[in-house]
There are 2 protein chains.
Amino acid sequence: MDAPRIESTLVSVDVLALRFDPATRAVLLGVAPRALDPFAGELALPGVLLGRGERLRDATRRAVTGKLGVAEEAMTATGQLATFDEPSRDPRGPTLSIALWATVDPAHLGGAGPTWVPLTAVPPLAFDHDRIVADCRPLLADRLWRDTAFTSGLLGREFTTAQALDVTEVLTGDRPYPANLGRTMDRIPGLERTEQHAASLPKGGRPPLVWRWVS
Amino acid sequence: MDAPRIESTLVSVDVLALRFDPATRAVLLGVAPRALDPFAGELALPGVLLGRGERLRDATRRAVTGKLGVAEEAMTATGQLATFDEPSRDPRGPTLSIALWATVDPAHLGGAGPTWVPLTAVPPLAFDHDRIVADCRPLLADRLWRDTAFTSGLLGREFTTAQALDVTEVLTGDRPYPANLGRTMDRIPGLERTEQHAASLPKGGRPPLVWRWVS
DNA sequence: ACAAAAGTGTTGACTTTACACCCATGA
DNA sequence: TCATGGGTGTAAAGTCAACACTTTTGT
């Protein structure tokens with residue numbers, strides 16, 4: 001807090017960019033092959049060095065647009081997860097890593113395809129990113145249905161019960177009964193069940209309800 | 001994550017150093033008057049600039065021993081809370097602040113007295129430290145009885161039901177029934193009720209049970 | 001004995017979980 | 001009309017809050 005006596009730390013922002021894919025019923029994590037020296041060519045979380053005076057949210061945006069090639073408008077929400085301070089995590093030297101989540105709306109995805117891998121089957125990543133993903137998974141699960149920014153960012157403004165079931169299953173590890181999840185969602189302020197039903201599924205079956213965020 | 005294009009951010013570590021005082025039945029926050037230029041003389045959370053390659057826990061230790069004059073052995077546990085990134089929070093320039101908690105054992109307190117203020121009545125602090133304390137309060141309350149390192153650090157290796165009631169009241173805002181808190185504690189792994197009873201209270205009344213951490 | 005404060009047992013309300021049954025759709 | 005899968009209602013199980021009552025101390 002006083003005069004810097006030693007050279008200050010580098011701070012990187014590493015992002016868990018998430019989107020839900022209704023077709024494969026999976027939550028996908030955005031990763032990109034590294035362009036430069038350490039771990040060049042290997043997959044890694046999108047990350048940037050935090051600029052002086054830069055806000056975490058802006059750095060997150062920079063990482064997702066720059067490294068993943070996702071359009072700015074596609075980013076729906078962001079938030080903090082945790083900080084990783086292992087000095088050896090970057091071979092170039094000690095670097096603090098602040099992990100954040102960001103949700104991406106598949107509808108506004110540009111053409112250039114970043115690599116999206118299922119959150120349930122993340123391949124080995126560069127640096128300590130495997131550990132970051134592993135440590136942050138329970139934090140993400142905890143946010144679902146309790147942090148509305150996160151939940152609505154992931155599911156979009158409108159979604160069906162079936163999609164809600166899928167997302168919950170991926171993040172928490174088990175699939176709730178549809179009835180019970182419906183009651184959970186009924187208790188969430190700003191979320192309402194509509195009269196609409198989604199287009200029915202290829203295999204038949206009753207078409208699911210559509211839910212919508214209002215606030 | 002690549003070559004630094006802009007000057008990197010300064011990172012400070014600001015600590016919510018907490019101890020429980022059975023005599024006044026209060027949770028106390030350690031603060032210290034600032035020695036140097038910005039806000040000199042005003043009270044502030046103990047904080048230091050994070051050194052290059054320094055671990056957060058070490059910086060926390062440095063802040064608590066250096067700024068509060070608390071002995072190294074008195075620090076019982078530490079943990080992360082949140083990161084504050086408002087660029088204008090430090091008049092000297094943009095500085096990231098990582099807030100952490102640390103628990104201090106009153107038994108090992110040195111002679112030199114830092115300022116301990118009740119967590120329920122924190123005076124105005126320098127920088128944005130008022131905001132940090134306000135934002136972190138619910139995070140602390142959430143950790144009680146769920147994070148054993150935090151809880152045992154705050155209450156010590158042995159404590160009475162009465163003290164547990166007091167700490168819970170300060171952090172959560174209302175005082176549970178002794179019976180119900182006892183049942184909550186029964187469910188915590190590593191915590192056991194002993195056969196001992198504490199010395200009785202000045203005003204009379206039944207002496208409370210002693211609880212002890214085992215693991 | 002009385003007041004104070006902690007501990008015990010129990011009850012009712014509420015929440016969570018589970019499941020049997022009903023409905024809507026494609027094949 | 002059958003298989004598929006979501007929706008409804010409900011009942012059992014579990015959790016939580018409240019309180020009457022008992023126990024142990026100081027005065």
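In the text below, chain A, chain B and the rest are named by the order of the sequence lines, each starting its count at 1.
For the 3.5 Å distance criterion, the side chains of A:Thr160 and A:Trp211 fail to qualify, holding no donor opposite an acceptor.
In this structure A:Asp142 satisfies the salt bridge (charged side-chain N to carboxylate O under 4.0 Å, His left out) test together with A:Arg146, sequence neighbours excluded. Partners of A:Ala99 by side-chain contact (heavy atoms from CB on, under 4.5 Å), not counting sequence neighbours, listed by chain and number: A:Leu81, A:Phe84, A:Ile132, A:Cys136. The side-chain hydrogen bond (donor to acceptor under 3.5 Å, both in side chains) search around A:Ser152 returns none, not counting sequence neighbours. Under the side-chain hydrogen bond (donor to acceptor under 3.5 Å, both in side chains) criterion, B:Thr76 pairs with B:Thr103, sequence neighbours left out. With sequence neighbours left out, the salt bridge (charged side-chain N to carboxylate O under 4.0 Å, His left out) criterion links B:Glu195 to no other residue. In this view, A:Pro94 and A:Pro87, B:Arg52 satisfy the side-chain contact (heavy atoms from CB on, under 4.5 Å) rule, not counting sequence neighbours. Residues passing the salt bridge (charged side-chain N to carboxylate O under 4.0 Å, His left out) test with B:Arg193, sequence neighbours excluded: B:Asp186. Among residues two or more places apart in sequence or in another chain, the side-chain hydrogen bond (donor to acceptor under 3.5 Å, both in side chains) test is passed with A:Asp128 by A:Arg89.
Residue pairs meeting the salt bridge (Lys or Arg N to Asp or Glu O under 4.0 Å) criterion with at least one partner in residues 154-165 of chain B, sequence neighbours excluded, are B:Glu158-B:Arg212.
Close to C:dG7, at under 4.0 Å from its OP1 or OP2, lies a side-chain N or O of B:Thr161.
Listed in residue order, the members of residues 138-147 of chain A having a heavy atom less than 4.0 Å from DNA chain D come to none. Near-neighbour residues of DNA chain D inside residues 168-181 of chain B, defined by a heavy atom below 4.0 Å, number-ordered: B:Tyr177, B:Asn180.
Contact of A:Arg206 with C:dT25 (side chain to base): no donor-acceptor pair of N or O atoms is detected under 3.5 Å.
Using the six-membered ring where Trp is involved, B:Phe159 and B:Trp145 have ring planes that are tilted, between 30° and 60° apart.
Here the P atom of nucleotide D:dT15 and the CD1 atom of B:Ile188 are 15 Å apart, to the nearest Å. A straight line from CD of B:Gln196 to P of C:dA6 spans 18 Å, rounded to a whole angstrom.
B:Leu165 comes within 4.0 angstrom of nothing in the nucleic acid, heavy atoms only.
Between B:Arg193 and A:His197, the residue whose closest nucleotide on DNA chain C is further toward the 5' end is B:Arg193.
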Would you tabulate the pairs of protein nitrogen or oxygen atoms and nucleotide nitrogen or oxygen atoms of nucleotides 14-16 of chain C closer than 3.5 angstrom?
residue, atom, partner, partner atom, Å
C:dT16, OP2, A:Arg187, NH2, 3.1

